[in-house]
Amino acid sequence: NKAENIDIAGKKISGIVIHPGEVFSFWKTVGKITRRNGYKDGRIIQNNKLIAGLGGGLCNLGNTIHLLLLHSPLTVTEFHKHSDALAPDEGKRVPFSAGTSVCYNHIDYRFKNTTDQNIQLVVWCDGETLNAELRSEKPFGYTYDLVEEDHHFKKEGEKFFRVSKIYRNIINRETGEITNKELVLDNHSEVLFDYELIPKELIK
């Protein structure tokens with residue numbers, strides 16, 4: 001169901017062109033989340049609990065778009081987060097593999113095209129794999145790299161939290177020099193999976 005929900009919303013977004021100075025709104029583009037529009041129940045987060053809800057899975061789509069934006073010079077103007085510890089990490093830890101929250105129609109995700117060129121957002125599903133691209137008319141002058149520091153788990157009272165700081169390195173495309181390092185997220189996320197699955201070596 002989650003994959004089908006993402007596919008429906010992704011087709012609404014895919015191909016949209018954001019002109020210089022324009023703002024992209026997730027919900028303005030996707031529209032209403034109703035069964036009539038084909039949406040089904042999927043996993044959503046409500047009051048830090050995983051439950052079934054209509055349109056579940058669209059946070060994954062929002063998070064994927066956010067990852068693209070963090071690797072571009074565009075400016076995020078509205079961002080909301082939920083727990084970045086929904087499930088145990090599969091393989092190598094990837095910063096911002098989850099954590100972006102959208103909820104129809106009051107928790108939006110927006111960004112502004114602060115460049116001097118048209119930008120196109122393309123989204124498509126290949127089976128249950130979500131793909132996305134941010135296309136520009138000419139190459140940006142910088143590349144971007146996400147770096148996570150001091151990643152660990154911490155017990156506070158009876159609950160565990162994932163704690164880390166996620167930075168963005170801004171790198172000159174021609175020289176490879178890091179020109180700036182920005183704090184993207186001071187991460188403090190409640191663990192919503194079985195505490196027995198937390199790697200013991202990461203508990204501080």
Side-chain angles (χ1 to χ4, degrees), residues 1-87 95-114 119-125 128 130-134 146 159 161-164 166 168 182-193:
N1 285 4
K2 182 174 78 169
E4 291 186 30
N5 291 338
I6 290 172
D7 185 51
I8 294 169
K11 286 175 178 174
K12 293 278 190 177
I13 293 171
S14 191
I16 189 170
V17 175
I18 305 97
H19 303 286
E22 287 187 342
V23 174
F24 167 89
S25 162
F26 187 93
W27 290 123
K28 184 178 179 181
T29 307
V30 170
K32 293 182 178 180
I33 304 302
T34 63
R35 297 192 190 280
R36 185 175 182 179
N37 287 338
Y39 290 98
K40 299 180 179 180
D41 287 338
R43 187 178 70 173
I44 66 171
I45 303 171
Q46 192 173 81
N47 298 322
N48 264 359
K49 301 291 184 184
L50 293 171
I51 62 172
L54 189 63
L58 295 190
C59 287
N60 291 69
L61 179 56
N63 195 77
T64 299
I65 295 171
H66 187 53
L67 266 176
L68 287 177
L69 264 289
L70 291 177
H71 289 84
S72 83
L74 280 68
T75 302
V76 177
T77 57
E78 183 175 349
F79 168 78
H80 304 272
K81 69 179 291 293
H82 57 58
S83 175
D84 181 30
L86 304 180
F96 267 113
S97 58
T100 302
S101 181
V102 291
C103 183
Y104 183 77
N105 59 356
H106 60 288
I107 298 179
D108 203 357
Y109 178 83
R110 302 178 192 226
F111 65 84
K112 184 175 183 178
N113 182 356
T114 47
I119 303 296
Q120 186 180 47
L121 181 57
V122 180
V123 178
W124 73 98
C125 293
E128 293 191 354
L130 173 61
N131 304 277
E133 292 179 352
L134 198 62
L146 295 182
K159 296 181 178 180
F161 292 82
R162 184 197 295 277
V163 179
S164 68
I166 301 175
R168 183 173 81 151
E182 302 173 341
L183 179 64
V184 175
L185 180 66
D186 191 353
N187 194 9
H188 185 265
S189 296
E190 182 179 345
V191 174
L192 300 184
F193 58 87

Whether His66 and Phe79 hold their rings parallel, tilted or perpendicular, with breakpoints at 30° and 60°: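 Geometry flag for Phe79 against His66: parallel rings.
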Nearest non-hydrogen partners of [X] and [Y], listed with the distance:
{"X": "Ile6", "Y": "Cys125", "answer": "CG2-SG, 4.0 Å"}
{"X": "Ala132", "Y": "Thr64", "answer": "CB-CG2, 3.7 Å"}
{"X": "Gly57", "Y": "Lys2", "answer": "CA-CG, 3.2 Å"}
{"X": "Pro95", "Y": "Leu146", "answer": "O-CD1, 4.3 Å"}
{"X": "Leu54", "Y": "Tyr39", "answer": "CD1-O, 3.4 Å"}
{"X": "Asn63", "Y": "Gly99", "answer": "OD1-N, 3.5 Å"}

Sub-3.5 Å donor-acceptor pair from the side chain of [X] to the main-chain atoms of [Y], do we have one?
{"X": "Ser83", "Y": "Glu190", "answer": "yes"}
{"X": "Asp41", "Y": "Asn1", "answer": "no"}
{"X": "Asn37", "Y": "Lys32", "answer": "yes"}

Heavy-atom side-chain proximity of Trp27 to His106 below 4.5 angstrom: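 Sidechains of His106 and Trp27: no contact.
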Return the [atom1] to [atom2] distance between [X] and [Y], rounded to the nearest 0.5 Å.
{"X": "Asn113", "Y": "Leu74", "atom1": "CG", "atom2": "CG", "answer": "5.0 Å"}
{"X": "Leu67", "Y": "Ser72", "atom1": "CG", "atom2": "OG", "answer": "11.0 Å"}
{"X": "Ile107", "Y": "Glu78", "atom1": "CD1", "atom2": "CD", "answer": "9.0 Å"}

Tyr104 and Leu58: CA distance, side-chain angles, deciding distance, side chain to side chain contact (heavy atoms under 4.5 Å, CB included) verdict: CA-CA 10 Å; Tyr104 183 77; Leu58 295 190; over 6 Å; no
Verdict with supporting geometry, Asn5 and Lys40, side chain to side chain contact (heavy atoms under 4.5 Å, CB included): CA-CA 7 Å; Asn5 291 338; Lys40 299 180 179 180; 4.0 Å; yes
Derivation of the side chain to side chain contact (heavy atoms under 4.5 Å, CB included) call for Phe26 and Leu61: CA-CA 10 Å; Phe26 187 93; Leu61 179 56; 3.9 Å; yes
Atom pairs and distances, donor-acceptor, side-chain atoms in residues 9-24, under 3.5 Å, two or more places apart:
| from | atom 1 | to | atom 2 | distance (Å) |
| --- | --- | --- | --- | --- |
| Lys11 | NZ | Asp7 | OD2 | 3.3 |
| Ser14 | OG | Val123 | N | 3.0 |
| Ser14 | OG | Val123 | O | 3.0 |
| His19 | ND1 | Asn118 | OD1 | 2.8 |
| Glu22 | OE1 | His19 | N | 3.0 |

Side chain to side chain contact (heavy atoms under 4.5 Å, CB included) partners of Asn187, counting only residues at least two apart: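 Partners of Asn187 under the side chain to side chain contact (heavy atoms under 4.5 Å, CB included) test: Lys81, Asp84, Arg93, Glu148, Arg162, Ser164, Leu185, Ser189.
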Residues which pass salt bridge (charged side-chain N to carboxylate O under 4.0 Å, His left out) with Glu182, listed by chain and number, not counting sequence neighbours: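 Residues passing salt bridge (charged side-chain N to carboxylate O under 4.0 Å, His left out) with Glu182: Arg168.
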For Leu69, the option from Val76, Leu121, Thr100 that meets side chain to side chain contact (heavy atoms under 4.5 Å, CB included):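 Of all the options given, the one that passes is Val76.
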Full working for side chain to side chain contact (heavy atoms under 4.5 Å, CB included) between Phe111 and Ile119: CA-CA 12 Å; Phe111 65 84; Ile119 303 296; 5.7 Å; no
